[in-house]
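Notes follow the structure.
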Amino acid sequence: MREKVVLAYSGGLDTSVAIRWLQENYGMDVITLTADVGNEKDIVAIRDKALRVGAIKAAIVDARDLFVHYFVFPALQAGAVYEGEYPLATALARPLIAKLLVDLAKQEGATAVAHGCTGKGNDQVRFDLSIGALAPDIKVIAPVREWGMTRDEEIVYAEKHDIPIPITAASPYSIDQNIWGRSIECGILEDPWLEPPEDAFMWTKSVKDTSDEPRYVEIEFDKGIPVAMDGETLDGVTLITRLGVLAGEHGVGRIDHVENRVVGIKSREIYEAPAAVVLLKAHQALEDMTLSKDQARFKQKVSLEYADMIYGGLWFSSLHQDLAAYIQSSQRFVTGTIRVRLHKGTCQVVGRRAPKALYNRALATYDKGDQFDHSAAIGFIKLWGLQLRTQAQVQLLESKDAPSILPPRVEGLDEKESL
Ligand code: ARG
């Protein structure tokens, strides 16, 4: 009996060629798996194509709910944004697809799984690490990383093996998308000096084509999870989808990022993540209302670690479980409603309310009803500034070696212009 391999199949040229290539070079039967994580493709047509090219079985999985609940929402609660820019859409989907591949491989008695990643990117890292953690005994094969064919050679191979080649003019870009965002790479975008052309964008309007009228949206969160939009309770997939369309209409969600890949390359990436941009901002605004200063500061560090962990493919790690425990705990009171204004490419938080808000108007107000104890400030400042005054007196003002209490002067100012 031939051994079996489960291949993550997108329906594109690479993974279609991979079906035949795995049969020829590994002598294995190929079972394909196509997961819908909100990538809006004709999934049934993809399955038919897999079978036509020679897969013995073609599985399709609607994984959108799983993706949102186990991956996207936890990342939103964590405030996970890689290098301050990238909301991690692709990076979040990879461990889910890896899990589905491994589950199917076990179910089918397959000895290997395969994916269509190249040897330059982050996705190979995420797949290989996730599969290795979930099922150390399963072999991982990455045909594209192994075969060393150019695109033209691939097309020749496809023609020879009767593999349908997409007839539409090939997009100049390499695109990956799911419900949390869309990434666009390659072609002219590889020049970091050039502005991305409009044809790179599909989900967001150019600001010049957006409405003059702002659109206000209210997003309700329950323990850090968005549960309703404009007063209507929605499931996660619907909420993200609807909000994405709305924000994209107003030109919100374009990201242009030169990022540091795991393998050491810097790469220029364009993203469209309209729903993610709005939800991350709204969630942050609600945390501003409900977390203490110390919690908020510490959470920033956790967010950074969490984002790096996801980006680097370490989803199935103990570090993740530890960080996630902190994040879950931090969200206990992150419940409430945020109002944002979408207008001309901007998303501005303009209203927030939370039943357990730490914001207290009686303490904050400059009007009547002020309950803050002004006289307590005097003693507080005395102690807060004690070390500052001591150091100034002992080291900075009275010492001849220390010429000034001022921080270093910026270059380019004349002596007479300095403070
Ligand atoms: N740079 C992003 C990341 O590493 C997007 C990768 C997109 N992947 C792709 N195969 N086109 O997560």
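Residue numbers run from 1 in the order of the sequence given. Whatever order the structure lists them in is the order used to number ligands and atoms, beginning at 1.
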task = Walk me through it: do Arg261 and Glu185 pass the test salt bridge (charged side-chain N to carboxylate O under 4.0 Å, His left out)?
result = CA-CA 13 Å; Arg261 284 196 189 162; Glu185 298 165 77; 2.8 Å; yes

Show me the short polar-atom pairs for ligand 1: any N or O of it lying under 3.5 Å from a protein N or O, with distances only.
| residue | atom | partner | partner atom | Å |
| --- | --- | --- | --- | --- |
| ligand 1 | 1 (N) | Glu259 | OE2 | 2.6 |
| ligand 1 | 1 (N) | Glu269 | OE1 | 2.9 |
| ligand 1 | 1 (N) | Glu269 | OE2 | 3.4 |
| ligand 1 | 1 (N) | Tyr271 | OH | 3.1 |
| ligand 1 | 4 (O) | Asn122 | ND2 | 2.7 |
| ligand 1 | 4 (O) | Arg126 | NH1 | 3.3 |
| ligand 1 | 4 (O) | Arg126 | NH2 | 3.1 |
| ligand 1 | 8 (N) | Asp123 | OD2 | 2.8 |
| ligand 1 | 10 (N) | Asp123 | OD2 | 3.0 |
| ligand 1 | 11 (N) | Glu185 | OE2 | 3.2 |
| ligand 1 | 12 (O) | Tyr86 | OH | 2.5 |
| ligand 1 | 12 (O) | Arg126 | NH1 | 2.8 |
| ligand 1 | 12 (O) | Arg126 | NH2 | 3.1 |

ask   = Is there a donor-acceptor pair closer than 3.5 Å between any side-chain N or O of Gln77 and the backbone N or O of Lys223?
value = yes

ask   = Would you say Lys99 has more than 12 foreign heavy atoms packed within less than 6.0 Å of its NZ?
value = no

inquiry  = According to side-chain contact (heavy atoms from CB on, under 4.5 Å), who are the partners of Glu83, at least two apart in sequence or on a separate chain?
reply    = His257, Glu259, Asn260

query = Should Arg254 and Glu198 count as an ion pair when the cut-off is N to O under 4.0 Å?
reply = yes

message = Just so I know, are the side chains of Pro164 and Lys49 near enough to count as touching, which here means a heavy-atom distance under 4.5 Å?
response = yes

